[in-house]
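Below is one structure; the comments refer to it alone.
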Amino acid sequence: QIGHMASFRFTVVSERQEKVLRELFESSTRDALTGLYNRRHFDERFKAELAYAKRHRFDLSVVMVDIDHFKQINDTHGHSAGDAVLKQVAAAMTHQLRTEDLIARVGGEEFTVLLRGIGPEGAVCLAERLRLAVQSLDISVDGTAIPVTVSAGCASLSETPDGTSKSLLQCADQ
């Protein structure tokens, strides 16, 4: 016990127990298919990043990305092909980000990126890099090439009138 409000608890666990605990934590914050963060984790981090940006007067940008015609990919090539597309798109976009950026799969074929300290111009630049990275992918399933493109929308805290997470996401989505 440290003071009236803080205490520390130490537990000794085996390597196997530690591995299981780490896997449980990962499964609660990560999307199982793509390995990206999940919607729940994104929402928590978004709230914290927004508060940090307001408190320190930093800009915060959001880039929302959708895979174009994803339903058609699933319908034409099957769901396993759709899964392969999702994995490869996620990996390609992840390689375009800084360590401090957060990318999450927030819907079926929808992704959102949080950019700390980046304004509108930087968000647009990243969105274009993401678009080009995905467009240049050579995805093929069972010998059939699957061309993939994405659409992206950007918004920055400095551009939203009320500075809420809702307005920032709505602006990027539009």
- Item | Glu109: salt bridge (charged side-chain N to carboxylate O under 4.0 Å, His left out) partners, not counting sequence neighbours |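 Partners of Glu109 by the salt bridge (charged side-chain N to carboxylate O under 4.0 Å, His left out) criterion come out as none, since no residue qualifies.
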
- Message: With rounding to the nearest 0.5 angstrom, report the CD to CZ distance, Gln135 to Arg131.
- Response: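 Gln135 CD to Arg131 CZ: 5.0 Å, rounded to 0.5 Å.
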
- Query: Rounded to the nearest 0.5 Å, how far apart are CG of Leu130 and CD of Glu128?
  - Reply: 9.5 Å

- Task: Determine the interplanar angle of the Tyr52 and His56 rings, folded into 0 to 90°, and report it as parallel if under 30°, tilted if 30 to 60°, perpendicular if over 60°.
- Result: tilted

- Query: Near Arg55 CZ, under 6.0 Å, is it more than 12 heavy atoms from other residues, nucleotides or ligands?
  - Reply: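 More than 12 heavy atoms, drawn from other residues, nucleotides or ligands, come within 6.0 Å of this atom.
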
- Query: Is the NZ atom of Lys54 crowded by more than 12 outside heavy atoms at less than 6.0 Å?
  - Reply: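 Check passes, neighbour count above 12.
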
Out of curiosity, does [Y] fall in the hydrophobic cluster containing [X] (side-chain heavy atoms, cut-off under 4.5 Å, transitive links)?
{"X": "Ile118", "Y": "Val124", "value": "no"}
{"X": "Leu114", "Y": "Leu36", "value": "no"}
{"X": "Leu132", "Y": "Ile146", "value": "no"}
{"X": "Leu50", "Y": "Ile103", "value": "no"}
{"X": "Val113", "Y": "Leu137", "value": "yes"}

- Query: Who are the side chain to side chain contact (heavy atoms under 4.5 Å, CB included) partners of Glu18, not counting sequence neighbours?
  - Reply: Val13, Arg22

Would you say that [X] contacts [Y] through its side chain, given a criterion of any heavy-atom pair below 4.5 Å between the two side chains?
{"X": "Phe58", "Y": "Leu157", "result": "no"}
{"X": "Asn38", "Y": "His41", "result": "yes"}
{"X": "Arg129", "Y": "Leu126", "result": "yes"}
{"X": "Ser61", "Y": "Cys154", "result": "no"}
{"X": "Pro120", "Y": "Asp59", "result": "yes"}
{"X": "Leu115", "Y": "Leu60", "result": "no"}
{"X": "Thr112", "Y": "Val106", "result": "yes"}

- Query: Between Arg39 and Asp43, is there a side-chain N and carboxylate O pair less than 4.0 Å apart?
  - Reply: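 Salt bridge present between Arg39 and Asp43.
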
- Message: Between the side chains of Glu44 and Arg40, is the shortest nitrogen-to-carboxylate-oxygen separation below 4.0 Å, so that they form an ion pair?
- Response: yes

- Query: Taking all non-hydrogen atoms of both residues, which atom of Met64 and which atom of Asp173 are closest, and how far apart?
  - Reply: SD-N, 3.5 Å

- Might you point out which heavy atoms bring Val150 and Val65 nearest each other, and give the distance in Å?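 That closest heavy-atom pairing would be CB-CG1, 3.6 Å.
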
- Item | By side chain to side chain donor-acceptor pair (under 3.5 Å) - contacts of Glu49 (at least two apart) |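 For Glu49, the residues satisfying side chain to side chain donor-acceptor pair (under 3.5 Å) (neighbours in sequence not counted) are Arg45, Arg116.
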
- Task: Would you confirm whether Arg105, through its side chain, and Gly108, through its main-chain N or O, come within 3.5 Å as a donor-acceptor pair?
- Result: yes

- Message: Has Arg30 got a side-chain atom pairing as donor or acceptor with Gly35's backbone, closer than 3.5 angstrom?
- Response: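 Between the backbone of Gly35 and the side chain of Arg30 there is a qualifying donor-acceptor contact (under 3.5 Å).
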
- Sequence neighbours excluded, every pair satisfying salt bridge (Lys or Arg N to Asp or Glu O under 4.0 Å) that has a member inside residues 140-165: none

- Are side-chain N/O atoms of Ser151 and Asp68 paired as donor and acceptor at under 3.5 Å? yes

- Message: Can you list everything that forms a ring-ring contact (aromatic ring centres under 6.0 Å, His included) with Phe46? Sequence neighbours excluded, please.
- Response: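 Partners of Phe46 by the ring-ring contact (aromatic ring centres under 6.0 Å, His included) criterion, ordered by chain and then number, come out as Phe42.
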
Listing, residues 74-96 side-chain donor-acceptor contacts under 3.5 Å, not counting sequence neighbours, or none:
| from | atom 1 | to | atom 2 | distance (Å) |
| --- | --- | --- | --- | --- |
| Asp75 | OD2 | Lys71 | NZ | 2.7 |
| Thr76 | OG1 | Gln72 | O | 2.8 |
| Thr94 | OG1 | Ala90 | O | 2.7 |

